[in-house]
Amino acid sequence: METALIGCFGGICLITIQEIETKERSLLAMKRAKELGRPILMSEVEKMNHIDPLLFFSSGNEHYSGERFFWKDPKDEFILAGLGISKQFQIDQSDDRFGLIEREWKEFLKDSLISNPFSQIGIGPLIFGGFSFDPYKEKTVLWSKFDDSLFYLPKYLLSVIKGQVYFTTNFIFTPNDDELLYKHIIDERNKLFQSLQKHHHTALPALLETKEISPEKWKNTVDAMVKELIRGPLKKVVLARELRLNFNDLVASEAVMQHLNEQQHESFIFALESSGDCFLGASPERLVKKNGTELFSTCLAGSISRGHTPEEDRILGEKLLSDQKNLLEHQYVVEMIKEALEESCEEIILPDKPQLMKIRDIQHLYTPVIGKCSGDSSLLHLVERLHPTPALGGLPKKEAVEKIRQVEELDRGFYAAPVGWLDYEGNGEFAVAIRSGLLQGKEASLFAGCGVVADSDSESEYLETSLKFRPMLRALGGK
Ligand SMILES: C=C(O[C@@H]1C=C(C(=O)O)C=C[C@H]1O)C(=O)O
Ligand SMILES: [Mg+2]
C-alpha cells in the first residue's frame, strides 16, 4: 500500500490518502461497535522504511514501559517488537488455559476490520505472550506480576521479516467512543514516530552480587531423584535452580536485550514485560512453529561444554554424540514429540540420529522435526500437547510435572514454558523459554535446569546448569 502525501508544506505533511482511508474505516468500526454493543478491533498494516526493531523497543521506554515485547528468531529473519497493550488476555489456574486463550482470541477477532494487503505471516493483529510452566505449582511472590497465561495484542507492532518492515496499528472502538478517540490515536502514533528520531541508549548498572539459591540442597534433590529413577517407573525428571542478582540501579530491559542481541546469534531472543517486571532470554529451543500446513519442532536435550580450541570442541562434540546417558535423555524427547505431533500430522520428517547444535556456551544433541498438518490444526492445541516435552518436564509427562511440583524449590513461573506469538490467521511460533531471567527493578533471577535420568551424576548436572546460566549472566554484566 502506498502512503501518498496530499500536501507537505515546510516539512509538515498534512494528510495522506492512507489517513483518509483510516478515518473512514474508523467511522465504520465505531458504527459497528455501537450496533453490536461490544468492542471492535480495527487493524491496519503499512510498509515502512527500515527501522531498527531494538530502537523501536527502546523508544517505548517512556510511554510504554511495562507494556512491551520483543521476539527474534535465530536466523534474524523474523523480528517482532510490540508497544502498548490494546487488549490483554489472561487466564489463571485452569486445565484448559491453552484452549481458553485461543477461543478468547478468536472471539475477539469476530467482526473486526483488518486492512492488510500483504500476504505475509506475522503482521496484522497478533497476540504475544506465554504460559507458566505449571499452573498448579504453589505461587511465590517472584512471579506475582505474571498470570498463568498472559498474552496481549499490542497497540503498535513492528514486524521485520526478511529485511522488510511492516507496521501494524491496532485500534479498539467501544460503543461509547467517538471521533475524539481516532484523533487521540493518530496523535499518539505521530509522537511515537517522532520519538524514533531520538537516540535511546541505556547502560547497564553495576552487578553487585550473584547468589546461587541453595546449590547443595539442589544437588541433594538430584541425588534423591536419581535413586527414584533407578527404581522406576519415572524415567526422566528435569530439575532447575535459580541465581539471584543484585545491581546498584534499575536494570532496563532494553539494555539487556541489546546485549542478548549482540551476544546470542543462534537463539530466539524474547522479552515480555508485565507490570514493571520483564521476563527475557535467549533460547535455542523451538517448541513449535506453524506456517499454514507446515509444522516445525525441535528435540533438544543432551549437553556438553564447548572446547577451548577447535580440536577440543570437536572431540567434546563426538563424545556427546556417542554418550549413552545423553542419547537416552535425548531419545525420550524425540519419542514424545513424535507422538504428540502424529495426532495432527499426515506426515512427519524426523532424522533417525541427532546432530550437534553448537551455541556460544554449550553444545546440545539436536533433532529437527518437520510435519505436515491439516489446515485447521490449532497452534495452541499443539502447544498444549507438547508442553512440557521431556526436555523440560520429564517422562512420563504428568508424573514428572507432579514430581517437579513436589520436590523443586524454585517457582519456575514462565521459565521452561512456551513463549511466542499467534496471529489472526492461526499462524505463529513458540519457543521454550530457557536461558532466561526475570528482571525486577534492581534485582534479577536467572533460571537453568537439566534432564536427570537414572545415570545422572549430581555434580555434572550442577556444572551443566552453570553453563546454562552463562548467556543471561553475560548479558547482565556478570561472568
Ligand atoms: C532445562 C534447560 O535446558 C534443557 C535441558 C537440556 C539438557 O538437560 O541436556 C538441554 C537443552 C534444554 O532442552 C535449561 O537450559 O534450563
Ligand atoms: Mg542434560
Side-chain angles (χ1 to χ4, degrees), residues 74 133-134 213 218 222 225-226 229 235-243 264 266-268 270 279-288 297-306 316-317 319-321 323-334 336-337 354-369 386-395 400-401 404 408 410 412-419 430-438 445-474:
F133 179 81
D134 173 12
I213 308 292
W218 186 83
V222 173
M225 188 54 67
V226 167
L229 290 161
K235 289 181 174 165
K236 175 175 176 179
V237 174
V238 177
L239 292 175
R241 60 191 189 95
E242 179 184 355
L243 286 187
Q264 299 298 326
E266 312 87 343
S267 296
F268 290 95
F270 62 88
F279 177 55
L280 77 190
S283 168
E285 190 165 342
R286 165 186 284 148
L287 184 65
V288 60
S297 183
T298 296
C299 311
L300 196 77
S303 317
I304 204 160
S305 55
R306 296 295 309 260
L316 284 166
K319 189 173 163 208
L320 180 62
L321 281 169
D323 181 75
Q324 288 312 310
K325 182 251 173 191
N326 278 288
L327 284 168
L328 187 66
E329 220 184 303
H330 186 80
Q331 191 52 30
Y332 291 147
V333 181
V334 174
M336 185 270 191
I337 292 188
Q355 57 200 70
L356 293 174
M357 179 191 274
K358 289 178 186 272
I359 46 180
R360 187 165 179 163
D361 301 291
I362 196 162
Q363 26 192 337
H364 293 302
L365 293 176
Y366 162 60
T367 305
V369 189
L386 288 165
H387 173 72
T389 74
L392 293 310
L395 201 75
V401 171
I404 295 168
E408 198 173 75
L410 170 69
R412 290 191 182 193
F414 275 40
Y415 158 72
V419 64
F430 282 81
V432 181
I434 50 172
R435 319 296 144 87
S436 56
L438 180 66
S445 277
L446 311 189
F447 314 102
C450 56
V452 182
V453 290
D455 240 4
S456 284
D457 163 62
S458 57
E459 192 57 37
S460 26
E461 298 296 3
Y462 171 80
L463 293 173
E464 187 176 312
T465 46
S466 304
L467 290 179
K468 290 168 175 169
F469 281 127
R470 276 198 199 160
M472 277 305 299
L473 204 51
R474 185 185 296 111

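One-based numbering, in listed order, for ligands and for the atoms of each.
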To the nearest 0.5 Å, how far apart are OG1 in T367 and CD in Q331? 7.5 Å
I'd like to check which ligand 1 atoms, numbered from 1 as shown, lie under 4.0 Å from a non-hydrogen atom of S303. 6 (C), 7 (C), 9 (O), 10 (C)
Can you tell me how far CG of L386 sits from CZ of R286, rounded to the nearest 0.5 angstrom? 12.5 Å
How about I434 and P284: do any of their side-chain heavy atoms sit closer than 4.5 Å? yes
Hey, does E464 sit under 4.0 Å from ligand 1 if you only count heavy atoms? yes
Is L392 touching ligand 1 with its side chain, its backbone, both, or neither, if touching means heavy atoms under 4.0 Å apart? side chain
closest protein heavy atom to atom 4 (C) of ligand 1 is A391 O, 3.7 Å
With respect to G451, determine whether any N or O atom, backbone or side chain, lies less than 3.5 Å from an N or O atom of ligand 1. yes
Is there a donor-acceptor contact under 3.5 Å from the side chain of K358 to the main chain of R306? no
Less than 6.0 Å separating the ring centroids of Y415 and F279? no
In terms of atom number and element, which parts of ligand 1 are under 4.0 angstrom from non-hydrogen atoms of H364? 10 (C), 11 (C)
Below 3.5 Å, N or O to N or O, backbone or side chain included: is there any such pair between C450 and ligand 1? no
Nearest to atom 12 (C) of ligand 1, what protein heavy atom do you find, and at what distance? E285 OE1, 3.2 Å
Around the Mg ion (ligand 2), list the protein N/O/S atoms within a radius below 2.8 Å, excluding water molecules. E329 OE2, E464 OE2
Check ligand 1 against A448 and write out every atom of the ligand that is under 4.0 Å from a heavy-atom position of the residue. 16 (O)
Near L300 (heavy-atom distance under 4.0 Å), the atoms of ligand 1 are 11 (C), 12 (C), 13 (O)
shortest atom 16 (O) of ligand 1-to-protein heavy-atom contact is with Y415 OH, 2.5 Å
Return the CG to OG distance between L467 and S303, rounded to the nearest 0.5 Å. 8.0 Å
For atom 5 (C) of ligand 1, what's the nearest protein heavy atom and its distance? K468 NZ, 3.3 Å
Interatomic spacing from CZ in F133 to CZ in F447 - rounded to 0.5 Å: 13.0 Å
Looking only at protein heavy atoms, which one is nearest to atom 2 (C) of ligand 1, and how far off is it? G449 O, 3.4 Å
Has ligand 1 got any nitrogen or oxygen that is less than 3.5 angstrom from a nitrogen or oxygen of A301? no
Inter-residue atom distance N326.CG - D455.CG, 0.5 Å rounding: 9.5 Å
Treating T465 as the side-chain partner and A448 as the backbone partner, does any N or O pair qualify as donor plus acceptor under 3.5 Å? no
Is the closest N or O pair between R435 and ligand 1 shorter than 3.5 Å? yes
Can you tell whether the side chains of R435 and D361 come within less than 4.0 Å, N to carboxylate O? no
Quick one: pull up CG in L316 and CD in Q363 and give me the separation to the nearest 0.5 Å. 6.0 Å
Salt-bridged, E461 to K325, with N to O below 4.0 Å? yes
Could an N or O of ligand 1 be found under 3.5 Å from any N or O of G302, whether backbone or side chain? yes
